[in-house]
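Structure first, then comments.
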Amino acid sequence: MSNAQASRFVAIGECMVELSVAGDGLYRQGFAGDTFNTLWHFARRAPAGWRGAYLTGLGTDRLSEEMLDFFTAAGIGTEMVRRIPNASPGLYMIHLADGERSFSYWREMAAARRLAEDEAHLQEVFAAGDAFYFSGITLAILPAEDRARLLAHLGAAKKAGKRVAFDPNVRPRLWPDLETARRAVEAAARVSTHCLPSFDDERATFGDENSRATAARYRALGVAEVVVKDGGSAALVSWEGGREQVPAIPPAGIVDTTGAGDSFNAAYLAARLGGAGPVAATIAGHRLASHVVGGHGALVA
């Protein structure tokens with residue numbers, strides 16, 4: 001793998017082909033996905049000495065090539081992408097009705113589902129990476145054996161002193177049942193140094209009464225630093241040196257909340273890797289999320 005001079009922030013997960021309404025029965029093609037959204041924003045504000053790279057699976061078809069070109073244009077390293085012959089990216093379509101969004105997905109055979117099946121490839125990635133970021137969606141799309149393999153590598157990275165950040169991002173429709181999702185999220189927390197949950201997800205999945213309960217649960221699982229996001233409300237950041245509620249930054253106007261949490265994660269992690277403290281990094285996360293909700297889609301420059 002090349003470009004070894006800068007430290008690598010490696011996001012792990014799935015980028016999908018996005019089709020959004022363009023009017024008159026036409027659709028506009030784009031690329032998006034939770035960990036990719038975070039990586040795209042991270043690449044635009046990476047601290048000195050850091051660069052972003054993506055661990056995912058892509059095919060060798062035209063859409064995969066277009067996606068790789070999109071990564072490169074965004075300043076995202078592609079050297080860790082696993083190429084799989086005769087495979088393609090997943091796809092989703094956005095439907096709009098009275099301003100509300102709903103989605104249809106085609107991802108069952110997506111190449112990203114095979115991102116962790118090659119042990120030799122994972123060994124290369126984790127030897128070359130310096131900090132790692134993944135989500136509950138990353139885990140949900142993987143077969144159980146591959147999920148366990150990825151978590152083992154993330155655990156080894158944590159033990160080696162590397163930062164491992166995790167956004168639980170629980171999407172029940174991706175899991176066979178809620179108990180399986182809970183076990184996977186807890187296993188992921190144990191191998192993470194930073195956890196970035198959203199309170200609404202945690203309340204629905206674990207029955208947490210408030211953000212403090214969420215933060216305490218993840219700290220008890222061995223996470224050193226937890227930031228509990230709560231939509232447009234204050235975020236609770238809890239770390240080994242303290243705990244603080246950090247007020248949100250009100251946006252000038254809300255156009256589209258897609259990707260707000262993903263962008264928060266990007267600014268927070270970029271700030272932490274750049275040397276900012278937990279509270280300052282949380283403020284940076286709020287600031288970017290406030291900007292992103294003022295535009296269309298997740299990738300708002």
Checklist entry - Side chains of Leu139 and Trp175: closer than 4.5 Å at any heavy-atom pair? => result yes
Item to check | Side-chain donor/acceptor of Arg163 to backbone N/O of Ala131, under 3.5 Å | outcome: no
Next on the checklist: Measuring from atom CG of Asp200 to atom OG1 of Thr205, what distance do you get when rounded to the nearest 0.5 angstrom?
Outcome noted: 10.0 Å
Checklist entry - Do Phe36 and Thr56 pass the side-chain contact (heavy atoms from CB on, under 4.5 Å) test, and can you show the C-alpha distance, the side-chain angles, and the key distance before you say yes or no? => result CA-CA 9 Å; Phe36 174 75; Thr56 190; over 6 Å; no
Checklist outcome for this item: In this structure, CG of Leu174 is separated from CG of Leu142 (nearest 0.5 Å) by 11.0 Å
Next on the checklist: Who clusters with Ile254? Use side-chain heavy atoms, under 4.5 angstrom, across I, L, V, M, F, W and Y, and order the result by chain and number.
Outcome noted: Val293
Checklist outcome for this item: Heavy atoms of Gly77 and Arg51 approach each other most closely as CA-NH2, 3.2 Å
Checklist outcome for this item: Per side-chain hydrogen bond (donor to acceptor under 3.5 Å, both in side chains), Lys229 is matched among Asn265, Thr214, Thr282 by Asn265
Item to check | Nearest-0.5 Å distance, CD of residue Glu117 to CD of residue Glu145 | outcome: 9.5 Å
Checklist entry - Would a distance-only check, ignoring hydrogens and angles, find a side-chain to backbone donor-acceptor pair under 3.5 Å from Arg219 to Trp239? => result yes
Checklist entry - Under 3.5 Å, side chain of Lys162 to main-chain N/O of Gly129, donor-acceptor pair present? => result yes
Checklist entry - What's the shortest heavy-atom distance between Ala43 and Gly75, and which atoms? => result CB-O, 4.2 Å
Indicate every side-chain donor-acceptor pair of residues 11-24 with a distance under 3.5 Å to a residue at least two apart or in another chain.
from  : atom 1 : to     : atom 2 : distance (Å)
Glu14 : OE1    : Arg107 : NE     : 3.2
Glu14 : OE1    : Arg107 : NH2    : 2.6
Glu18 : OE2    : Tyr92  : OH     : 2.5

Checklist outcome for this item: Between Asp167 and Pro197, the two heavy atoms sitting closest are OD1-CA, 4.3 Å
Item to check | Closest non-hydrogen atom pair between Leu178 and Ala204, with its separation | outcome: CD2-O, 4.1 Å
Next on the checklist: Within the structure provided, determine whether Val292 and His41 are in side-chain contact (heavy-atom separation under 4.5 Å).
Outcome noted: yes
Checklist entry - Do you reckon Leu151 sits in the same ILVMFWY cluster as Phe166, going by side-chain contacts under 4.5 Å, direct or chained? => result yes
Item to check | Stepwise side-chain contact (heavy atoms from CB on, under 4.5 Å) check, Leu150 with Thr138 | outcome: CA-CA 10 Å; Leu150 177 63; Thr138 306; 4.1 Å; yes
Checklist entry - Does some side-chain heavy atom of Leu269 sit less than 4.5 Å from a side-chain heavy atom of Leu196? => result yes
Checklist entry - Which value, rounded to the nearest 0.5 Å, describes the distance between Tyr27 atom OH and His95 atom NE2? => result 6.0 Å
Name each donor-acceptor pair under 3.5 Å that joins a side chain in residues 186-195 to protein atoms two or more places apart or in another chain, with its distance.
from   : atom 1 : to     : atom 2 : distance (Å)
Ser192 : OG     : Ala188 : O      : 2.7
Thr193 : OG1    : Val164 : N      : 2.9
Thr193 : OG1    : Val164 : O      : 3.1

Item to check | Contacts of Tyr133 that satisfy ring-ring contact (aromatic ring centres under 6.0 Å, His included) - sequence neighbours left out | outcome: none
Checklist entry - Donor-acceptor pair, Asp130 side chain versus Arg8 backbone, under 3.5 Å? => result yes
Next on the checklist: Using 0.5 Å steps for rounding, measure from the NE2 atom of His121 to the CG atom of Leu115.
Outcome noted: 8.0 Å
Checklist entry - Which residues pass the ring-ring contact (aromatic ring centres under 6.0 Å, His included) test with His286, sequence neighbours left out? => result Phe264
Checklist entry - Does a side-chain N-to-carboxylate-O contact under 4.0 Å join Asp201 and Arg171? => result yes
Checklist entry - What's the verdict on side-chain contact (heavy atoms from CB on, under 4.5 Å) for Lys158 and Leu154, showing C-alpha distance, side-chain angles and the deciding distance? => result CA-CA 6 Å; Lys158 179 181 179 179; Leu154 289 163; over 6 Å; no
Checklist entry - Would one find more than 12 heavy atoms of other residues, nucleotides or ligands at under 6.0 Å from atom CD of Glu179? => result yes
Next on the checklist: Can you tell me how far apart CG (Asn210) and CD (Glu202) are? Round to the nearest 0.5 Å.
Outcome noted: 12.5 Å
Item to check | Ser263 side chain to Ala260 backbone, donor-acceptor under 3.5 Å | outcome: yes
Checklist entry - Are Arg44 and Trp40 in a cation-pi setup, meaning NZ or CZ lies under 6.0 angstrom from the ring centre and within 45 degrees of the ring axis? => result yes
Got a list of side-chain donor-acceptor pairs under 3.5 Å for residues 61-74, not counting sequence neighbours?
from  : atom 1 : to    : atom 2 : distance (Å)
Asp61 : OD1    : Ser64 : N      : 3.4
Asp61 : OD1    : Ser64 : OG     : 2.5
Asp61 : OD2    : Ser88 : OG     : 3.4
Arg62 : NE     : Glu66 : OE2    : 3.2
Ser64 : OG     : Gly59 : N      : 3.0
Glu65 : OE2    : Arg83 : NH2    : 2.7
Glu66 : OE1    : Gln29 : NE2    : 3.1
Thr72 : OG1    : Leu68 : O      : 3.1

Checklist entry - Is the side chain of Arg113 donor-acceptor paired with the backbone N or O of Glu108 at a distance under 3.5 Å, no angle test? => result yes
Checklist entry - What's the verdict on side-chain contact (heavy atoms from CB on, under 4.5 Å) for Arg173 and Tyr105, showing C-alpha distance, side-chain angles and the deciding distance? => result CA-CA 11 Å; Arg173 65 185 294 176; Tyr105 291 91; 3.8 Å; yes
Checklist entry - Do you know the tightest heavy-atom contact between Pro89 and Leu58? => result CG-CD2, 4.1 Å
Next on the checklist: I need the single residue from Arg182, Arg217, Arg203 that forms a salt bridge (charged side-chain N to carboxylate O under 4.0 Å, His left out) with Asp208. Which is it?
Outcome noted: Arg217
Next on the checklist: Does atom CG (Asn86) have a neighbourhood of more than 12 heavy atoms from anything else shown, all under 6.0 Å?
Outcome noted: no
Next on the checklist: If you compare all heavy atoms of Asp262 against all heavy atoms of Thr38, which two are closest, and at what distance to 0.1 Å?
Outcome noted: O-OG1, 2.9 Å
Checklist entry - Are Ile84 and Met80 co-members of a hydrophobic cluster defined by side-chain heavy atoms under 4.5 Å apart? => result no
Checklist entry - Is there a donor-acceptor contact under 3.5 Å from the side chain of Arg272 to the main chain of Ala281? => result no
